[in-house]
Amino acid sequence: MTDKKTALVVGAHSADFIWRAGGAIALYASKGWEITVVCLTYGEKGESQKLWKDPGMTLDRVKTERRAEAQKAGDILGVHEMVFFDLGDYPMRTSVESLERLADIYQDIRPSFVLTHSLEDPYNFDHPEATRFAQEARVVAQAHGRRGAAAAIGAPPVFLFEPHQTEQCNWKPQVILDITSVWDTKRKAFESMDAQEHLWEYYTRVAQQRGVQGARNSERKMKYGEAYQRVFPLVTEDLV
Ligand SMILES: [Zn+2]
């Protein structure tokens, strides 16, 4: 356990956290938080198109390269710890053992918030499966009978990443995080993802759009944003 504030990011594939939550990670890391990123798979089959253009490519080599890339991007963003579950992607299937492993991580780091995928994604079944898994592990970690009442976690809010095509995923931007101050770091992190170069400009446009919308919905002079949907109600005594 740590004295520092912590957060947990759970992604289905090894690069998901960079595109979808890299701004939040860099922002909170810059404030001294310890961010743990769990990559459930390397995206070795479904999200490594460029590597598979090499006819001599093997599954093990793809995994090794994707892991190194994710670690490098995590280092750029200031991730405290990268954890790779290697569950296998397309299709991704979870086990009770892996659920207990993630629940242990929740209880060990006691995150103040959790970031994961949208609840639906008809283009990618691993993403909502990762969300279901992350949410179930959160609830398991809340159980007083698991490792005793002192180990049980509270109720960290869960924020859902922006999916690739929001309308089809029934996802709405309920929170827009101003990531202008760390934009250069996020961009640098995703430029380290050589296998997915085709997404660099796309995710820059997404951040710019959310930046404009963030400014429109506030008095902030922000240029880049990262949007999230909430799962649970915001509990506050301050509506301003
Ligand atoms: Zn993915």
Side-chain angles (χ1 to χ4, degrees), residues 7-26 35-53 57 59 61-74 76-77 79 82-94 98 102 105 114-137 158-171 173 186-187 189-207 210 226-229 231:
L8 176 65
V9 182
V10 180
H13 312 109
S14 59
D16 291 334
F17 75 98
I18 308 162
W19 314 109
R20 305 179 195 284
I25 294 167
I35 316 293
T36 297
V37 174
V38 172
C39 300
L40 298 177
T41 80
Y42 297 109
E44 61 271 19
K45 293 184 198 157
E47 297 186 3
S48 305
Q49 294 89 325
K50 198 171 168 188
L51 290 170
W52 284 110
K53 282 184 183 151
M57 190 50 72
L59 209 51
R61 259 184 65 205
V62 172
K63 285 186 186 184
T64 305
E65 293 199 23
R66 299 291 341 235
R67 181 183 176 124
E69 275 189 347
Q71 185 65 57
K72 191 171 159 198
I76 293 168
L77 294 171
V79 170
M82 298 285 305
V83 183
F84 298 93
F85 274 35
D86 192 16
L87 297 179
D89 73 332
Y90 282 72
M92 186 185 86
R93 293 291 179 269
T94 60
S98 54
L102 187 58
I105 291 174
V114 182
L115 309 179
T116 189
H117 293 272
S118 56
L119 297 173
E120 296 176 43
D121 190 342
Y123 301 96
N124 190 313
F125 287 82
D126 294 354
H127 291 167
E129 178 58 17
T131 309
R132 188 204 61 72
F133 180 68
Q135 294 231 76
E136 187 176 5
V158 179
F159 298 92
L160 307 177
F161 304 152
E162 176 159 1
H164 197 71
Q165 204 160 318
T166 57
E167 297 88 339
Q168 266 60 34
C169 299
N170 287 318
W171 177 97
K186 179 170 181 178
R187 173 87 199 194
F190 63 68
E191 283 180 0
S192 75
M193 302 309 290
D194 203 31
Q196 289 172 303
E197 193 180 337
H198 58 290
L199 294 176
W200 296 359
E201 290 311 313
Y202 178 84
Y203 278 101
T204 299
R205 289 197 301 275
V206 170
R210 295 306 182 198
E226 199 168 78
Y228 294 91
Q229 180 172 298
V231 176

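Residue indices begin at 1 and follow the sequence shown. Small disclaimer: the values here were computed from a predicted structure and weren't measured. Whatever order the structure lists them in is the order used to number ligands and atoms, beginning at 1.
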For Arg20 and Tyr203, test the side chains for any donor-to-acceptor distance below 3.5 angstrom and give the result as yes or no.
->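 Yes, a side-chain donor-acceptor pair sits under 3.5 Å.
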Taking the Zn ion (ligand 1) as the center, what protein N, O or S atoms are found at less than 2.8 Å?
->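 Counting only protein N, O or S atoms under 2.8 Å from the Zn ion (ligand 1), the list reads His13 ND1, Asp16 OD1, Asp16 OD2, Glu47 OE1, Glu47 OE2, His127 NE2.
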So, the side chain of Glu226 versus the backbone of Gly23: is there a donor-acceptor pair under 3.5 Å, distance only?
->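 Yes, Glu226 side chain to Gly23 backbone: donor-acceptor pair under 3.5 Å.
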Sole candidate of Arg66, Arg67, Lys63 that passes salt bridge (charged side-chain N to carboxylate O under 4.0 Å, His left out) when paired with Asp86 =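 One option only clears the test, and that one is Lys63.
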salt_bridge(Glu201, Arg205) N-O dist < 4.0 Å =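 Looking at Glu201 and Arg205, the cut-off is not met.
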Quick one: closest heavy-atom pair of Pro173 and Arg210, and the distance?
->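 Heavy atoms of Pro173 and Arg210 come nearest at CG-NH1, 3.6 Å.
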For the residue pair His117 and Phe161, categorise the inter-ring angle as parallel (less than 30°), tilted (30 to 60°) or perpendicular (more than 60°).
->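 Ring orientation of His117 relative to Phe161: perpendicular.
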